[in-house]
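The first residue of the sequence shown is numbered 1, and numbering continues consecutively from there.
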Amino acid sequence: MNVIYPLAVPKGRRLCCEVCEAPAERVCAACTVTYYCGVVHQRADWRSIHEKICQLLIPLRTSMPFYNSEEERQHGLQQLQQRQKHLIEFCYTVAQKYLFEGKHEEAVPAALHSLRFRMNVHGLNSVELVPAYLLLAEASLGLGRIIQAEEYLLQARWTVLKSTDCSNATHSLLHRNLGLLYMAKKNYEEARYHLANDIYFASCAFGTEDIRTSGGYFHLANIFYILNKMDLADTLYTKVSDIWNKYMNEQYKLFLQNEAQQDLLGKRFEKDTSLDEAQEAEAIRILTSILNIRESTSDEAPEKIIILLKTLVMLYHLMMNYSKAKEYGIRALDLAKEKLLGVSEENTIQELIRVISAEDYPMI
């Protein structure tokens, strides 16, 4: 972590903490453009996002240089805006990843950065602010701060209502977070209403079988599981695992095709899930949650468990986490043998393990 220095604030100028917007007393020594109320918030911001973007903030928070022409000035402004747009998405993805990993405290500073950059680029009333409000609401829920979560969701909802061009994807995110709020309040009827709307809007935006729609099915299944409506929960969990299995099978086939071409072309192809880090974290969270539920039930449904295990094998392999991929592969093979699921199934799993074992470079 960078050293932080006591801040001598110029007379008449009010500097605010990056995390809580209280009067600042310290400044980051590395970038000298980021301020904090004290050590606690500086450390929280550093762990969350500041370490990753410290130097990127300098050109955004210092005076623009003198330009010789209006054309140069406009070019400089465009570059500044492009940097801010990049940081909007980067901070958003980092915050999302933290949330999917259950690191709610770490998600807050990154989400706040995304919100502020959105305000700078799009204005205070733009619908583009809504995804950041929703991240902050979800982080607040994870921290048990329900009133704060409601405030963020109220702001997001009001912004959507005022907008004339809100996308289906944004409507989906709003309803998903409202569903999670009502789940936290144990108002499952209201939660189901919002999650049904989440699925509807996500289906309009991406299709009913898309991985981005699967989150709505997953949370709705969790409600039925809590209410002990196991048939409904099982149907939705199966749908979610089938969506992810189909997606990973398609990505894995592309990987195998590229591997087959590698010897012919003399070129090594990079493994790729075609997911960003947040989506990978979401996939792991959803699939392992369903796996744990399936394994804890009296009726193990081995075929459904093996689908989940194989999906995780492919996901971790494409993420180049070979030890995890092999671990899930061995679990799948042992289960297939134990439940006598047939030679064909065993061969499929053994082939997955063989491909993983054949990797000749270490996990990075």
Side-chain angles (χ1 to χ4, degrees), residues 16-22 37 41 44-45 48-49 88 91-92 94-119 122-164 166-202 212 215-227 278 282 285 289:
C16 297
C17 175
E18 193 74 17
V19 177
C20 68
E21 298 188 347
C37 63
H41 280 177
D45 191 39
S48 170
I49 191 70
I88 284 172
C91 295
Y92 182 82
V94 169
Q96 261 194 326
K97 184 173 184 285
Y98 282 136
L99 289 177
F100 289 132
E101 292 174 343
K103 299 175 181 177
H104 302 100
E105 196 78 55
E106 289 89 335
V108 172
L112 285 171
H113 275 285
S114 182
L115 178 61
R116 292 193 190 105
F117 288 128
R118 288 169 190 270
M119 289 177 172
H122 302 291
L124 297 177
N125 299 310
S126 171
V127 74
E128 295 293 335
L129 274 57
V130 171
Y133 284 133
L134 297 179
L135 283 180
L136 289 164
E138 189 172 347
S140 299
L141 281 175
L143 294 167
R145 301 167 186 166
I146 292 180
I147 293 175
Q148 189 175 52
E150 286 182 304
E151 290 174 357
Y152 283 126
L153 285 171
L154 181 63
Q155 185 64 53
R157 202 170 192 178
W158 179 241
T159 304
V160 167
L161 287 172
K162 289 190 297 181
S163 173
T164 57
C166 186
S167 68
N168 286 324
T170 300
H171 276 292
S172 167
L173 286 174
L174 175 60
H175 282 289
R176 184 170 302 180
N177 278 270
L178 286 167
L180 293 174
L181 171 67
Y182 284 108
M183 282 181 70
K185 296 171 78 170
K186 299 186 178 180
N187 184 342
Y188 298 121
E189 192 65 34
E190 194 70 18
R192 280 192 296 177
Y193 166 78
H194 285 293
L195 290 172
N197 275 285
D198 164 26
I199 293 167
Y200 168 75
F201 284 112
R212 289 164 290 189
Y217 297 127
F218 172 69
H219 292 301
L220 190 57
N222 287 341
I223 291 178
F224 290 126
Y225 182 77
I226 291 168
L227 297 174
E282 180 185 26
R285 176 189 173 188
S289 294

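Listed by first and then second residue, the salt bridge (Lys or Arg N to Asp or Glu O under 4.0 Å) pairs that reach into residues 147-158 are E150-K185, sequence neighbours excluded. For residues 126-137, no pair satisfies side-chain hydrogen bond (donor to acceptor under 3.5 Å, both in side chains), with sequence neighbours left out.
We find that E282 and K97 are not joined by a salt bridge, their nearest charged nitrogen and carboxylate oxygen being 4.0 Å or further apart.
For the side-chain hydrogen bond (donor to acceptor under 3.5 Å, both in side chains) test, no residue two or more places apart in sequence or in another chain qualifies with E106. For K162, there are no salt bridge (Lys or Arg N to Asp or Glu O under 4.0 Å) partners two or more places apart in sequence or in a different chain. Listed by chain and number, the residues in a side-chain hydrogen bond (donor to acceptor under 3.5 Å, both in side chains) with E105 amount to none (sequence neighbours excluded).
Contact check for W158 versus L154: no side-chain heavy atoms found under the 4.5 Å cut-off. For the pair V108 and L143, the minimum side-chain heavy-atom distance is below 4.5 Å. Contact annotation: the side chain of C20 approaches that of H41 to within less than 4.5 Å [non-hydrogen atoms, C-beta and beyond]. For the pair H104 and S140, the minimum side-chain heavy-atom distance is 4.5 Å or more.
One N or O on the side chain of S48 and one on the backbone of A110 form a donor-acceptor pair closer than 3.5 Å. For H113 (side chain) and A111 (main-chain N/O), no donor-acceptor pair under 3.5 Å exists by modelled atom type. The backbone N or O of M183 lies less than 3.5 Å from no partner atom in the side chain of N187, so there is not a single donor-acceptor pair.
Taking CD1 from I146 and CG from L181, the interatomic distance works out to 7.0 Å, rounded to the nearest 0.5 Å. Atom CG of L99 and atom CD of E138 lie 4.5 Å apart (nearest 0.5 Å). Distance check, rounded to the nearest 0.5 Å: CZ of R118 to OH of Y92 gives 6.5 Å. To the nearest 0.5 Å, atom CG of residue L129 and atom CZ of residue R116 are 12.0 Å apart. Taking CG from L115 and CG from L136, the interatomic distance works out to 6.0 Å, rounded to the nearest 0.5 Å. Atom CG of N177 sits about 8.0 Å away from atom CG of L135, to the nearest 0.5 Å.
Atom CG of L161 sits in a crowded spot, with more than 12 heavy atoms from other residues, nucleotides or ligands closer than 6.0 Å. Atom OH of Y188 has more than 12 neighbouring heavy atoms from other residues, nucleotides or ligands inside a 6.0 Å radius.
Nearest heavy atom pair, residue C91 against residue F117, reads SG-CE1, 4.2 Å. Residues G179 and L195 come closest through the heavy atom pair CA-CG, 4.2 Å. Contact between A278 and F100 at its shortest, heavy atoms only, is O-CD1, 3.0 Å.
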Decide yes or no on side chain to side chain contact (heavy atoms under 4.5 Å, CB included) for N125 and T159, but give the supporting numbers first. CA-CA 7 Å; N125 299 310; T159 304; 5.9 Å; no

Would you tabulate the side-chain donor-acceptor contacts of residues 166-174 under 3.5 Å, counting partners in other chains and residues two or more places apart, or write 'none'?
unit_1	atom_1	unit_2	atom_2	d
S167	OG	T170	N	3.1
S167	OG	T170	OG1	3.1
S172	OG	D198	O	3.4
S172	OG	D198	OD1	2.6

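Counting only N and O atoms by type, the side chains of R285 and S289 include no donor and acceptor under 3.5 Å apart.
Aromatic ring pairs are classed by plane angle as parallel below 30°, tilted from 30° to 60° and perpendicular above 60°; the pair F201 and H175 is parallel.
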